[in-house]
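Please read the structure below before turning to the comments.
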Amino acid sequence: MMKLISVNVGQPREIPWRGQMVRTSVYKTPVAGRVYARRLNLDGDAQADLAAHGGEHRAVMVYQAESYQYWRDALDRKDFVYGQFGENLTVEGMADDEVCIGDRFRIGSAVFEVTQPRVTCWRVGISTGVPEMPALLVTHKRPGFYFRVISEGDVGAGDVIEKIADGNVQMNVAEIDGLLYLRDHPQDKLQKALTISALSEGWKVSFRNLLDAAAQGRTTGNAGLSAPGKNIAWTGFRPFVVQRTRMECEGVRSFELSAQGGAPIPAFLPGQHIAVRVRPSNGGAPMIRLYSLCGPPDGSFLRIAVKREVGGQGSMYMHDHMSSGDMLEVSAPRGNFTLSGNKGPLVLLSAGVGVTPLLAMLQQVAHEDPGRAIWWIHSCRNKTYEAFREEVRCLGMRLAAFHRAVIYSSPDETDFCGIDYDIKGHLNEQVLRTIQLPLDSECYLCGPPGYIDTITVAIKNIGIAADKIKYELFGNSLLPLADGGKSVHLPAEDTGQGPLVTFSRSKISFRWNSRFGSILEAAEACDVPVQWSCRMGVCHRCETNIIDGKVTYSPNPLDAPADGNVLICCSVPVSAVDLDL
């Protein structure tokens, strides 16, 4: 007989962790009496991280008393108490390898539906005191699962659990969990899982991405967990020759690069970038910098545009010393800031030299889909600082539905409104409303953090959905102001004697110190913005391009990253490494 053993709730709270305070509600405490189950959670309970937990399909977390006993035996732990695995309902029975997605149960006066396995998360490692627990839950096939509340009602310890309906497809929780997180992703099972009506949309998106990757011949990595991308054409660096260079506007110089010996260049995706390694002629240390590609993706050459930065050693050397015939080293194109396969209205928004990846996107549309409706919205100081001005105008003339809005913040007396530019001032929500963008548009943004922050909010406010917005920022920021405004820096006590580690996007290098347990820990010590969730090689949220070098894993990831990528949460360098961070 299935039975409810304990009802557990908790509120978000701040706890010390790794020298900082973190907010979590993973700690759940058993409560006496009956508790009302509402659409989004139990009374008295709340989720701290609504991006990973909570919502209609993740309203109530369930874990089994039998799994508690399993972990007590397996880990020789006698101190586990109900609620410690972050569950709201501790149950007797309802094993993960028996309960299926879509099954419905009556508990007390409420009715629940199984929607998905637990989202693997580092917090369960904190609450249990076992950092490896996010990986163990998957490999031991005991993840637990979420309920959706079909009919609100009250529940209490001791309630009998009655199964009242089967899901439309019989795939159990452990099977669905392993289908995403483990190495094998059989296409027939992915297709079967997508027919489960109760499965939450997030999991369906992951399974669709895995199927799309298989259809496109991508054989490495886990497209269900990391952003799908094109296979890396080569590892490390290859020699390229500067064929042509020219000033595109004040402070911005372009460089056309061809492979040494005339070797063909694999086509890249518009929006991708390359790493460039320059070896100064005076014998100085090599410099690695990342630049978006801004030429046509036809395989004849690679073009980058370099803004001269005051005090920027790399950009100043490129401007002052690189000319036609000079050689530099180039990584394969990489990055996921690329156009989707959709054909609806497209909005390309840029500020300053952020025009570069969007120019490549504009070139692709002009070549492949000239009838597509495009809004080109570019902000800069004035005509003197408008890079690729004439090239954009020529491309626009080839497009049947090209809408241009150029904003000058400081036009001078030679700039004419309606001819050189369209709007004086700065782009904001009010200006965007006057442009009247279609609300089903896909929006791609590139610029400095302040610009991305402001315009992303403005686009959402005018009614465009968040999942229609993609952006890329200058420098190293994975999310707008994700690091609280801290500047990237070398690690404190920079006394390492190990391999050289370079975070190319952040423009810092240091010797590896064994006090770091992983590359992720080293990045955090440098205040380099990084994304992560499990810290144990499960979720792939930390997956990062490795430009050059080798790493080793401990623990080994449950599913390997794509070729050319590493999971920084569980890897350390075994040679000099350059990372796209």
Side-chain angles (χ1 to χ4, degrees), residues 1-15 17 22-50 52-72 75 77-96 99 105-130 133-134 136-137 142-162 173:
M1 182 176 66
M2 297 179 293
K3 186 166 65 174
L4 179 58
I5 301 298
S6 179
V7 179
N8 319 296
V9 300
Q11 290 291 319
R13 56 172 158 157
E14 300 283 333
I15 63 167
W17 179 73
V22 297
R23 190 168 184 264
T24 179
S25 59
V26 70
Y27 295 96
K28 307 294 185 185
T29 303
V31 293
R34 304 196 68 75
V35 177
Y36 204 79
R38 301 189 186 277
R39 189 176 66 87
L40 296 181
N41 48 33
L42 303 182
D43 280 355
D45 190 64
Q47 299 91 8
D49 179 7
L50 293 178
H53 309 280
E56 180 182 353
H57 286 83
R58 298 179 295 197
V60 178
M61 178 68 202
V62 180
Y63 208 54
Q64 304 87 357
E66 293 85 350
S67 287
Y68 270 91
Q69 188 58 51
Y70 176 87
W71 294 119
R72 290 184 184 115
L75 302 174
R77 289 278 298 273
K78 309 304 179 187
D79 58 334
F80 286 143
V81 295
Y82 295 149
Q84 198 162 356
F85 280 77
E87 80 277 9
N88 299 115
L89 305 182
T90 314
V91 300
E92 188 176 274
M94 303 188 77
D96 290 328
V99 169
F105 300 88
R106 178 176 287 110
I107 308 174
S109 61
V111 175
F112 302 92
E113 180 180 69
V114 181
T115 56
Q116 65 172 70
R118 175 200 301 267
V119 177
T120 185
C121 176
W122 59 280
R123 294 174 180 85
V124 73
I126 292 180
S127 64
T128 60
V130 183
M133 190 56 75
L136 294 176
L137 291 172
R142 293 179 178 271
F145 54 86
Y146 280 105
F147 270 154
R148 180 164 71 102
V149 179
I150 300 298
S151 297
E152 296 183 346
D154 62 275
V155 299
D159 285 350
V160 171
I161 300 173
E162 177 190 2
V173 169

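Contact record, Ile161 with Met94: CD1-SD, 3.6 Å, taken as the closest heavy-atom pair. Across every non-hydrogen atom of Met1 and Val160, the tightest pair is SD-CG2, 4.0 Å. Contact record, Gln47 with Ser25: CA-OG, 3.5 Å, taken as the closest heavy-atom pair. Nearest approach of Ala65 to Tyr82, heavy atoms of both residues: CB-OH, 3.7 Å. For the pair Arg106 and Val111, the tightest heavy-atom approach, listed with the atom from each and the gap, is NE-CG2, 4.2 Å. Contact between Arg77 and Gln84 at its shortest, heavy atoms only, is NH2-NE2, 4.1 Å.
Here the side chains of Phe85 and Thr90 are not in contact, with every heavy-atom distance at 4.5 Å or above. At least one side-chain heavy atom of Phe147 sits less than 4.5 Å from a side-chain heavy atom of Val114. Leu75 places a side-chain heavy atom less than 4.5 Å from the side chain of Val130. Contact check for Leu89 versus Ile107: side-chain heavy atoms found under the 4.5 Å cut-off. Within the 4.5 Å cutoff, the side chain of Tyr36 has heavy atoms near those of the Glu152 side chain. Counting heavy atoms from C-beta on, the side chains of Leu4 and Val91 come closer than 4.5 Å. Annotation: side chain of Tyr63 is in contact with side chain of Leu137 (closest heavy-atom distance under 4.5 Å). Put simply, the side chain of Pro143 reaches to within 4.5 Å of the side chain of Asp96, judged on heavy atoms.
Using modelled atom types, one side-chain atom of Arg34 and one backbone atom of Asp154 make a donor-acceptor pair closer than 3.5 Å. When atom types are taken as modelled, the side chain of Ser127 and the backbone of Tyr27 share no donor-acceptor pair closer than 3.5 angstrom. Judged purely by atom type and a 3.5 angstrom limit, Gln64 has no side-chain atom pairing as donor or acceptor with the backbone of Gly144. Under the 3.5 Å distance criterion, the side-chain polar atoms of Asn41 are left unmatched by any main-chain donor or acceptor of Ala59. The main-chain N or O of Glu87 is found under 3.5 Å from a side-chain atom of Asn8 such that the two form a donor-acceptor pair.
Separating the CZ atom in Arg58 from the CD atom in Gln116 is a distance of 5.5 Å, to the nearest 0.5 Å. A distance of 13.0 Å separates CE in Met133 from CD1 in Ile126, rounded to the nearest 0.5 Å. A distance of 9.0 Å separates CD of Glu113 from CD of Glu56, quoted to the nearest 0.5 Å. Remark: Glu92 CD to Glu66 CD distance equals 6.0 Å, nearest 0.5 Å. Taken to the nearest 0.5 Å, the CD atom of Glu162 stands 10.5 Å off from the CZ atom of Phe105.
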Item to complete: Show your working on side chain to side chain contact (heavy atoms under 4.5 Å, CB included) between Tyr146 and Val62 and close with a plain yes or no.
Response: CA-CA 6 Å; Tyr146 280 105; Val62 180; over 6 Å; no
Quiz item: Which is it for Trp71 and Thr128 under the side chain to side chain contact (heavy atoms under 4.5 Å, CB included) test, yes or no, and what are the steps along the way?
Solution: CA-CA 10 Å; Trp71 294 119; Thr128 60; over 6 Å; no
Please walk me through it: do Ile5 and Tyr68 pass side chain to side chain contact (heavy atoms under 4.5 Å, CB included)? CA-CA 12 Å; Ile5 301 298; Tyr68 270 91; over 6 Å; no
